[in-house]
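Excluded from the calculations below are hydrogen atoms, water molecules and symmetry mates; all remaining heavy atoms, backbone and side chain alike, are included. Here, residue 1 is the first one in the sequence, and each next residue gets the next number.
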Amino acid sequence: MGYICVHGHFYQPPRENPWLEAIEQQDSAYPYHDWNERVTAECYAPNSASRILDDQVRIVNIVNNYGCVSYDFGPTLISWLEAHSPRVYQAILAADRVSREQFSGHGSAISQAYNHMIMPLANSRDKKTQVIWGIRDFEHRFGRKPEGMWLPETAVDLETLDLLAQHGINFTVLAPHQAKRVRKIGGRNWRDVSGQQVDPTMVYRLRLASRRTINIFFYDGPISRGVAFERLLDNGERFAQRLLGAFNEDRTWPELVHVATDGETYGHHHPKGEMALTYALEYIRNNQLADLTNYGEYLERHPPTHEVEIFENSSWSCVHGIERWRSDCGCNAGHAGWNQAWRGPLRNALDWLRDTLAPRFEAKAREFLKDPWAARDDYILAMLDRSPEKRAEFLARHAVRELSEAESVTVFELMELQRHLMLMYTSCGWFFDELSGLETVQVIQYACRAVQLSQEVLGDQVEEGFLQKLAEAKSNVPEHQDGACIYRKFARPAAVDLEKLAAHYAITSLFKPYGEHAGIYCYSVDLIDNRSMEAGQMRLALGRARFTSEITRESQEIVFAALHFGDHNLHCGTQLFRSEETYQKLVEEMTAAYSKADIPEALRVMDKELGSTYSLKSMFRDDQRAILKQILTSSLEEAEGAYRQIYEHHVPLANFLRDLGIPLPKAIRTAAEFALNSRLRRAFASEDMDVEQIRKLLQEARSGGIALDSTTLEYTLRITIERLFERFAAGPGDRVLLQRLESLVEMARSLPFEVVLWTPQNAWSDVRRTGFAEFSRREQEGDAEARAWMQDFLALGEKLKVHIPEDAAVLAHTG
C-alpha cells in the first residue's frame, strides 16, 4: 500500500493590542468576542473532537483529528489557545503524543517560524531569531525537538533553509511550483520540473552551500486546491477517493500522497469540513486502502533517492514569487478599483525603522548585556514564562554584571523593542487589499509600540522620520489618506502608558470594585490609598496606587481622581505621585468640592492638580463597552417597555391585517421584533428558563411573521446550555439537572434555527466514559435510582443525536 498524509497549517494573524497583550472586542466576529474565539469555535475545537455520523445523522464516534494528520500551529496562535481555550490546547498537545505511538515515534506536530514573517524579505538576524524562537516555543509546548518547520506562506530562500538545517530541522514542506529541477542522488543529469512538474509522491534532498542538507516535501497541488477552493470537503468519501486516485502503479517507489492547506479549511472556511476529513481518513484506514503516516515517519522509512533545486524567493500564495509582500503585483483579495501600491512604501518604512534603531539598540544593550543579539535569541524563554525566576535566569545568562532594578527594566524594554520590531513584519499586513485594513493597522500598531519603547529607553525621536516614510504609502480610502494618517488615527490613540492605565483603573473603579491587588491585562495594580464617595448620581474615585507592567516590570506610583456626574459624563485626571503633602492637598480640595456638589470646582481642581485628563473615550474597549452597557441599561429598558406597549396595543390589528394578507406597517413590525427578541433573549440567558413561556413567545413570533434575531438568540441559548452541561459533567449524579437538560435540549431541537450542541455532546460523552460504568454496575445490583438515572441519561443522549446501541450496557465498556 502507498502512504497518505494530510497537513494542516493552522495560523491566525496576531490580533492582540500591543500594549495590553490581549485581543479587544472585534464587532465583525459577532456573536463571538473576537476572531480567534470565532475560528476556535468553528475550526480548532471541532477538529479536537470531530464527529463520525451514521446514516441517521447520529454520532457513532468522536475523533481528535490532530492525532491523524500532520500539523503546525503558529506560536502566536497557540499561545492564545493556551490562555483562552485550554481544552483545545491540551487536545493539540495530546494528539502529538498519540501520533508518536502511531507513527513509529514521530510526532505529527511540526514547528513554525515564530510570527509568520516572510523569511526571504527578512534580514539575516531576524531570520535566525524567527527560527530559534519557533523551535524553542515548540519545545516548550510539545516537550521534544521539532523534526520539521513550516515556513510562513512557504516563502523560501536558501539562507532560510540553511538556518533550518543548522538548527536541526530535518524537513520542510513547499508547493510543487517551487521546485526547479531534480536528479537522482549521485546522478549527473538534472531534469527540469518547473511549472509544477515535480513528482510530489517522494521526498527530496536539497544540498546547501554550507554542505548541510535539508529534506523537502512538495505537496500535491491539484488535490490541495480541491480541498481549499473546489469544495472537495463537501463529501468525505469523495475526498478519500481523490487522495487514493493520486497513486500510480507505474511508480516503483513507496508513494506518499500528501496535501497541505490552511488548517482553517477544515471547519472555518468550509463548515463541517473537519467531519469530511475524519470520514476520509477513517474510510482509508478501515478499508486498508493506504497507510496513514506523517512526514517524519515516511522520511525515516524511505529516505530521499533524489535531490532538488528550488526557485528562491517563491511562495505558495503569490504567483509572482514574494511580491505580494512588497509590491503591487496584482495578487489581492479582489476589491475592484483598489491598488496595492502601498505595500512597497510600507515595507520601506518598517525597514527604515528597524535599521535606524538596530545600532542604537546594540550600543545601549551592550551597557548591560554580553551579546545583545544572542540575548534577543534567548529572550523567547523569558517570554514563555515571565515569572521572576525565569527573568532572573535570563539576566544571569546574559548580563555583564548584577543589574539594579531600573537597569533590569531597561533590559526588558530593549528586548520588547526588538520583539515588536519583528512582530511588525507579520505577513498578513501585506496580504490583503487596503492599507487601513485590520491586519495592516495591526502591524502599524506594532511599529508604534516599537517607536514608544525607543523613545523611553533610547531617548530616540524617530517618530517624525518614520511618519515621513509612512506617508509615502497611500490608502485607497480617501479619508484615510496615507500611512502617516492611519498611524495617527489608529495606532497612536491605542498607545498605553502607565498614566493612561491609571485613568482606566480609576474610571472602572466607579462601576466595579477592585481589591488591594488587581490585574488589568498585562499590568498589576497595588492600591495604596482609596477615597470613594457617592451622592445621588454623582460618584468620585480618588486615590493613589502603584501600577506595574508584567512585561517590562516598569512601575510608577500614580495619583488619580475620577468623577462621574451622570450618564456618559465622566472626567478623570492622573499625575505621578510627587509627595504626601501635594497628595493630601488634592484630597482635601476634591473632598470639599464634592461635598458641596460643586462640579465646576471639582473639575477645576482636577485640571489644576492633575496634569493628564481622560474621559470615557480614553478607556480600553472591553471595559468601555461594559460601562456603556451599564449606563444604557435604564434607557434600553425604557425603550423596550415602549416597544412592547406599542406591539401589545396593536396585536388585534396585527392579527386582522395578517388574516387579510396585508403586511404589517413597518413601525408595528419593528416594535414587535424588538419586543419579542428582547424577551426571548432574556429567557434564553436564564438558567431557570421557562420552556413553556418560550414556546408561547415563539408561537407568537411565528403567527405574526416576526423575524427572529437567530444569531443572538442561538448564541445566548447555547452559552446557557453549555454552562448547565459543565455543571452536570462536574456532578453527573444530579437527576433533577439531568432531566432539566433533557427538556432544554428537546426545546433547542424544536427551534426555527439550529442550536450548536457540540459542547453538550462532548460533555455527555465524557460522562459516558467516566461515570456510566458505575451507574451501570449499580443498576445491575438492583439500584432503582441508578436504573432511573441510566434511562434519563440515555434519553438525553438520544436527544443529543448520539447513537445508542440496543444493548446500552455496551456503553459501560466502550470509550
Side-chain angles (χ1 to χ4, degrees), residues 12-24 26 28 34-36 76 114-118 121-123 126 152 324-328 332-333 335 338-358 416-456 460-497 500 620-621:
Q12 284 293 296
R15 297 186 169 97
E16 286 80 2
N17 178 312
W19 291 269
L20 304 180
E21 300 288 336
I23 303 176
E24 296 182 279
Q26 296 176 309
S28 59
D34 54 71
W35 277 100
N36 276 22
T76 52
Y114 187 74
N115 65 265
H116 222 261
M117 184 185 292
I118 299 301
L121 293 176
N123 65 21
D126 285 357
R324 186 168 194 157
W325 298 277
R326 65 178 175 186
S327 71
D328 187 11
N332 54 54
H335 195 291
W338 283 3
N339 68 72
Q340 287 73 52
W342 53 268
R343 288 174 176 163
L346 174 62
R347 183 165 291 276
N348 292 340
L350 299 184
D351 287 348
W352 178 89
L353 182 63
R354 177 198 63 196
D355 297 341
T356 298
L357 292 176
E416 283 299 302
L417 168 63
Q418 284 297 317
R419 180 167 77 99
H420 285 85
L421 286 172
M422 287 192 289
L423 287 171
M424 72 185 186
Y425 285 108
T426 301
S427 68
C428 315
W430 288 263
F431 192 85
F432 299 102
D433 291 1
E434 165 52 19
L435 182 64
S436 62
L438 285 175
E439 295 79 10
T440 311
V441 167
Q442 183 77 28
V443 302
I444 293 173
Q445 287 185 339
Y446 285 134
C448 182
R449 175 60 173 148
V451 167
Q452 182 193 47
L453 285 164
S454 75
Q455 292 169 341
E456 292 176 359
D460 280 326
Q461 300 300 320
V462 296
E463 187 175 56
E464 192 54 42
F466 179 54
L467 288 177
Q468 289 176 12
K469 298 286 184 183
L470 268 184
E472 297 174 18
K474 306 300 180 183
S475 170
N476 292 288
V477 181
E479 58 264 35
H480 295 324
Q481 299 178 31
D482 54 41
C485 177
I486 289 166
Y487 180 97
R488 293 187 182 100
K489 289 172 79 171
F490 302 119
R492 194 185 282 163
V496 176
D497 58 19
K500 185 173 181 179
F620 308 145
R621 187 177 305 162

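Every residue meeting the side chain to side chain contact (heavy atoms under 4.5 Å, CB included) condition with Glu463, not counting sequence neighbours, appears here in chain and number order: Val451, Gln455, Leu467, Tyr487, Arg492.
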Given the rule in the side-chain contact (heavy atoms from CB on, under 4.5 Å) test, do Arg347 and Arg343 qualify, once you have shown the distances and angles that lead to the verdict? CA-CA 6 Å; Arg347 183 165 291 276; Arg343 288 174 176 163; over 6 Å; no

Show, in sequence, the C-alpha distance, side-chain angles and deciding distance for Trp19 and Cys448, and conclude whether the side-chain contact (heavy atoms from CB on, under 4.5 Å) test is met. CA-CA 10 Å; Trp19 291 269; Cys448 182; 3.9 Å; yes

Lys469 vs Asn348, side-chain contact (heavy atoms from CB on, under 4.5 Å): CA-CA, chis, key distance, verdict: CA-CA 7 Å; Lys469 298 286 184 183; Asn348 292 340; 6.0 Å; no

Could you give me the CA-CA distance, side-chain angles and deciding distance for Leu20 and Glu16, then say whether side-chain contact (heavy atoms from CB on, under 4.5 Å) is met? CA-CA 7 Å; Leu20 304 180; Glu16 286 80 2; over 6 Å; no

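A donor-acceptor pair under 3.5 Å links the side-chain atoms of Asn476 to the main chain of Asn339, judged by distance alone. Under the 3.5 Å distance criterion, the side-chain polar atoms of Asp460 are left unmatched by any main-chain donor or acceptor of Ser454. Judged by distance alone, with hydrogens and angles left aside, the side-chain atoms of Lys500 form a donor-acceptor pair with the main-chain N or O of Ala495 at under 3.5 Å.
Here side-chain hydrogen bond (donor to acceptor under 3.5 Å, both in side chains) pairs that include residues 436-446, with residues two or more places apart or in two chains, are Glu434-Ser436, Gln442-Tyr446.
Annotation: the span from Leu417 atom CG to Gln452 atom CD amounts to 11.0 Å, rounded to 0.5 Å. Rounding to the nearest 0.5 Å places CG of Asn115 at 10.5 Å from CE of Met424. Here the CE-OH distance, from Met117 to Tyr425, works out to 7.5 Å after rounding to the nearest 0.5 Å. Distance check, rounded to the nearest 0.5 Å: OG1 of Thr426 to CD1 of Ile118 gives 10.0 Å. For the atom pair Leu350 CG and Leu470 CG, the distance stands at 7.0 Å (nearest 0.5 Å). In this structure, Asn17 CG and Arg449 CZ are separated by 10.0 Å, a value rounded to the nearest 0.5 Å.
A pairwise comparison of heavy atoms in Ser28 and Trp35 identifies OG-NE1, 2.7 Å as the closest pair. Residues Leu121 and Arg326 come closest through the heavy atom pair CD2-NH1, 3.4 Å. Counting all heavy atoms, side chain and backbone alike, Trp430 lies closest to Trp325 at CD1-O, 3.5 Å. Shown here for Lys474 and Leu435, the closest heavy-atom pair between the two residues is C-CD2, 4.2 Å. Of all heavy-atom pairs spanning Lys489 and Pro493, the tightest one is O-CG, 3.3 Å.
Arg419 has a carboxylate O that lies under 4.0 Å from a charged side-chain N of Glu21, or vice versa, which qualifies the two as a salt bridge. Between Asp351 and Arg354, at least one side-chain N (NZ, or NE/NH1/NH2) sits under 4.0 Å from a carboxylate O, which counts as a salt bridge.
Tested against Arg15 for a side chain to side chain donor-acceptor pair (under 3.5 Å), the candidates Thr76, Asn36, Asp34 yield a single pass: Asn36.
Ring centers of Phe432 and His335: at least 6.0 Å apart, outside the cut-off.
Between Trp342 and Ser475, the side chains place no donor N or O within less than 3.5 Å of an acceptor N or O (distance only, hydrogens not considered). Counted by atom type alone, Ser427 and His116 present one or more donor-acceptor pairs between their side chains at under 3.5 Å. Checked by atom type, the side-chain pair Tyr114/Asp126 shows no donor-acceptor distance below 3.5 Å.
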